[in-house]
Amino acid sequence: MRITVTRTGGLTGRTVSAALDTEGHPDADRLHSLARAALTPGTDARGGGAGARAGGVPDGYRYEITADGRTARCADPRLTAAQRELIRLVLERAT
């Protein structure tokens with residue numbers, strides 16, 4: 001599975017994009033589970049999830065997460081726990 005995260009916004013408005021291929025990755029099962037949860041609509045009691053409006057705050061980050069042909073758009077501070085963790089892992093570990 002290839003997971004792509006694009007982050008836009010913030011004070012500088014800079015776009016950062018990273019991709020992570022899970023094939024042969026030691027945490028592949030965990031990444032797959034996070035991706036499924038991050039892309040599932042309505043997975044958060046606060047109204048977040050893939051089906052929710054991106055929301056967000058002025059000068060906050062907005063994200064696009066893509067995996068298995070599905071895309072979720074979300075924004076701080078309305079990220080689900082799965083979205084937040086997946087974004088962190090992809091942006092940190094991508095090669």
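Just so it is clear, the model here is predicted, and its values are computed rather than measured.
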Would you check if Arg84 and Asp76 make a side-chain contact, meaning some heavy-atom pair closer than 4.5 Å?
yes
Provide the closest heavy-atom pair for Cys74 versus Ile87 in the form atom of the first, atom of the second, distance.
SG-CD1, 4.5 Å
For Ala18 and Val90, the nearest pair of non-hydrogen atoms, with its separation, is O-CG1, 3.7 Å
Answer whether the closest heavy-atom distance between the side chains of Leu89 and Leu20 falls below 4.5 Å.
no
Rounded to the nearest 0.5 Å, what's the gap from CD1 on Ile65 to CZ on Arg70? Could you check?
11.0 Å
With a 3.5 Å distance limit and no angle check, can you tell me whether Gln83 reaches the backbone of Ala38 through a side-chain donor-acceptor pair?
yes
Donor-acceptor contact below 3.5 Å, side chain Ser33 vs main chain Asp29
no
Locate the shortest heavy-atom distance separating Leu86 from Ala35; write the atom from each residue and the value.
CD2-CA, 3.7 Å
How close do Ser17 and Thr6 get, heavy atom to heavy atom, and via which atoms?
OG-OG1, 3.2 Å
Donor-acceptor check, side chain of Asp21 to backbone of Glu23, threshold 3.5 angstrom: yes or no?
yes
So, for Ala82 and Ala37, which heavy atoms are closest and what is the spacing to 0.1 Å?
CB-CB, 3.6 Å
Step-by-step side-chain hydrogen bond (donor to acceptor under 3.5 Å, both in side chains) determination, Thr8 to Thr15
CA-CA 4 Å; Thr8 58; Thr15 297; 5.5 Å; no
So do Leu31 and Met1 actually touch side chain to side chain, heavy atoms under 4.5 Å?
no
Check: Thr22 side chain, His25 main-chain N or O, donor-acceptor pair, under 3.5 Å
no
Shortest non-hydrogen separation from Thr66 to Thr71 and the atoms involved:
OG1-OG1, 3.0 Å
